[in-house]
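Working notes, structure below.
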Protein chains: 2
Amino acid sequence: MSSEQNDTGRRAATIRDVATMAGVGIATVSRVINGKPVTPDLAERVTRAAERLGYRQDLTASSLRRADRRTHTLGLVLEDAANPFSAALHRAVEDAAAERGMLLLAGSTDEDPVRERGLLKTFTARRVDGLIVVPTGQNYTDLDAARRAGTPVVCVDRRTTAPQVDTVTVDNRVGVRAAVKRLHEAGHRRMAFLGDLRSIWTAEERYAGFVEGLAAVGCVLHPSLVRRGLHGAEAAQEATRELLALTHAPTALVSGQNLLTVGARMALQELRLQHRVALIGFDDLPMAGLLEPGISVIAQDHSAIGREAADLLFDRLDGERGPARHRVLPTRYLARGSGEIPAAQDR
Amino acid sequence: MSSEQNDTGRRAATIRDVATMAGVGIATVSRVINGKPVTPDLAERVTRAAERLGYRQDLTASSLRRADRRTHTLGLVLEDAANPFSAALHRAVEDAAAERGMLLLAGSTDEDPVRERGLLKTFTARRVDGLIVVPTGQNYTDLDAARRAGTPVVCVDRRTTAPQVDTVTVDNRVGVRAAVKRLHEAGHRRMAFLGDLRSIWTAEERYAGFVEGLAAVGCVLHPSLVRRGLHGAEAAQEATRELLALTHAPTALVSGQNLLTVGARMALQELRLQHRVALIGFDDLPMAGLLEPGISVIAQDHSAIGREAADLLFDRLDGERGPARHRVLPTRYLARGSGEIPAAQDR
DNA sequence: CCAAGGGGTGGAAACGTTTCGCAGAACGTA
DNA sequence: TACGTTCTGCGAAACGTTTCCACCCCTTGG
């Protein structure tokens, strides 16, 4: 605590302090800070004074006064920051934002519309320049309010009923349909489906893809083999146990979300059936290729999704006023073994 | 675009608009917003007016003027938001922050001190109330500058040379030493070590633990079996391949970071040695238990780390002025199989 | 009935910055 | 030399809020 500047004592140096020390007007200091043309001599004096005073620009004050009122901050509303999908999305958006000198304010909803509302409220109160949201889907008024208040919104991963909102999703139905087709070709006729909470748009889409896929190959949809409304690995594990205990057990499983895939696989290994019952999951898993057999998945390109969302948002920030745009990215099937297990003869 | 409020046209309603519509003074509106006592009748009128005008408090202006100048925002500097460790930490800190009505501004450094510096600069320019940082460790002047400017800093996962900074770390040495002891008990004498970039504090600590562990059991440290400065799974995979191609190949591997563990395991499976060569990794992996054999790890409690860091920070925000505190959390060994493989007789 | 006290309200000042309008200097031309 | 034009720097105003302070009115005690 010797010659330090502001451990707790003196208040932080302001633009005015810099101006007086440099012997110039505050407007000049502002110009120097913002890189606007100024006589080299003065600029030099200002820089030195700022240096000596340990001056740090206050961006909150700056964006308050600025003509465009930009805060250079984006709000990111995730399902759960700890989930690999959210984490990858976070990183992709962060990189895109960094290119424009923007920072990310992030929060998790845990699929709770109340938390979603809270996050949207404080994000807009902090005057973020734009919002990228994985919507819980149970209430779109807040999204709409934000947009109407002038904050552009892009929804990611899920469509929303909110009007005028750009979205980035993947082609869930096509992905699942293709998976079902493959399973059928491998001889499977009794396929089960594990689905996430029904409030989640992707859960419904993927289920729809499952239904369509079965219809396309002329297979029956056994209601007893459909387990929806599952959330988290444990729920999926329990559901899988039950499915496999049925007299007419499924020979193949389709899982509609990454944690559910993990849960399903845990149940399979518990019953030592991982080599006999086929499994295809939606969304890739970090070490899926190291398992024996590897878990085949319908993969989505997280960074492409994040990048695309950011681009749509930046477009709006740059003044684009057209109608809502909906980008749909393709999925990719990754054959790793578990989806290539043929249907056993004797089942 | 019919009766909407501010699609792009009218500027957002301010406290003054609310005041005139409600027929009260702006001070009263401010009081209502901040929940300070006010005559019920007036409060009612204000609330109604705010509702009708779609008024949203501007927190940037608010924190500018506020006596405590708090922005209710924390800055979180991570290595890589997409990494499971960072993601878990992010979530833990977010939850702790949410309890105090604070939000997180997060960014990734990718171990680049330049990016770290940039993040610290904009975070402090945005006047975050505090910083939680996983420091690259190559430069502490920015951390120190932030602290001196009055922003409390807590370093996580790694110690830092910056003075007066609280830290939360785990007991890396003890964790690795115990792992080495176990391997020794299983008969291993030739153990290899895979380490991350040497600029990373934890990488050095874990290596130190490895050295100490070997010494404790009276084992020789073979320099040819030590591979440090590896970053990412691929580097570890390549290094592991090379190690196993040695004439005197190791019978056990100790990996000092989660991605390195993945890379090592990939190499082992490629060579079909996952059942013959032991592997213990530092930091848990999502599906490590599903592999065959499961990957034994020295696990750290991510949420405890995040929570502890947040608590230390909040303490500072609440006025704690004491000297730097250093919390060291324990690790836990999770035996899953790969660490329990005995040394083969014939190697 | 009056004076003192107190709670509640409103207008103005202030937070640190950017932007506006203006003044003064510098420069070129008549 | 005088004048018009351009340019650069300066102080003041403004952004939306909180806080200070003065004021008013009502209550209460003498």
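In the text below, chain A, chain B and the rest are named by the order of the sequence lines, each starting its count at 1. The structure presented is a predicted model; accordingly, all values stated were derived computationally and were not measured.
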Starting at atom CZ of Arg56(B), determine the distance to atom C1' of dC15(D), rounded to an integer number of angstrom. 20 Å
Identify which nucleotide among dT18(C), dT18(D), dT9(C) has an atom closest to any side-chain atom of Ile15(A), counting heavy atoms from C-beta outward. dT18(C)
Against the side chain of Arg69(B), the closest entry in dG10(C), dG16(C), dG16(D) is dG16(C)
Is the backbone of Lys36(A) close enough, under 3.5 Å, to the side chain of Asn34(A) for a donor and an acceptor to pair up by distance? no
Do the side chain of Arg126(A) and the main chain of Leu59(B) share a donor and acceptor less than 3.5 angstrom apart? no
Taking the side chain from Asn83(B) and the backbone from Phe85(B), do they hold a donor-acceptor pair closer than 3.5 Å? yes
Round to a whole Å and report the spacing from CD1 of Ile33(B) to C1' of dT9(C). 15 Å
Between Val29(A) and Ile26(B), the residue closer to the 5' end of DNA chain C by nearest nucleotide is Ile26(B)
Side-chain N or O of Thr14(B) versus OP1/OP2 of dC15(D): is the shortest distance under 4.0 Å? no
Just call it for Ser30(A): base, sugar-phosphate, or nothing, with non-hydrogen atoms closer than 4.0 Å on any strand. base
Does Thr28(A) make a side-chain N or O approach to OP1 or OP2 of dG9(D) shorter than 4.0 Å? no
Charged N to carboxylate O below 4.0 Å: is that the case for Asp315(A) and Arg325(A)? yes
Check the pair Asp110(B), Ser108(B) against side-chain hydrogen bond (donor to acceptor under 3.5 Å, both in side chains), reporting the backbone distance first and the verdict last. CA-CA 6 Å; Asp110(B) 285 328; Ser108(B) 310; 5.8 Å; no
What is the distance, rounded to the nearest whole Å, between atom CG of Leu64(B) and atom C1' of dT18(D)? 10 Å
If you look at every strand shown and take non-hydrogen atoms under 4.0 Å, does Thr60(B) touch a base, only sugar-phosphate, or nothing? nothing
Please give, in whole Å, the distance from dT17(C) C1' to Arg16(A) CZ? 9 Å
Atom-to-atom span, CG of Leu59(A) to C1' of dG16(C) - whole angstrom: 11 Å
Once hydrogens and angles are ignored, does a donor-acceptor distance under 3.5 Å link the base of dT18(C) to the side chain of Arg65(A)? yes
Heavy atoms under 4.0 Å, any strand shown: does Ala67(B) hit a base, just sugar-phosphate, or nothing? sugar-phosphate
Ranking dT19(D), dT18(C), dC15(D) by distance to the side chain of Ala27(B), first place goes to dT19(D)
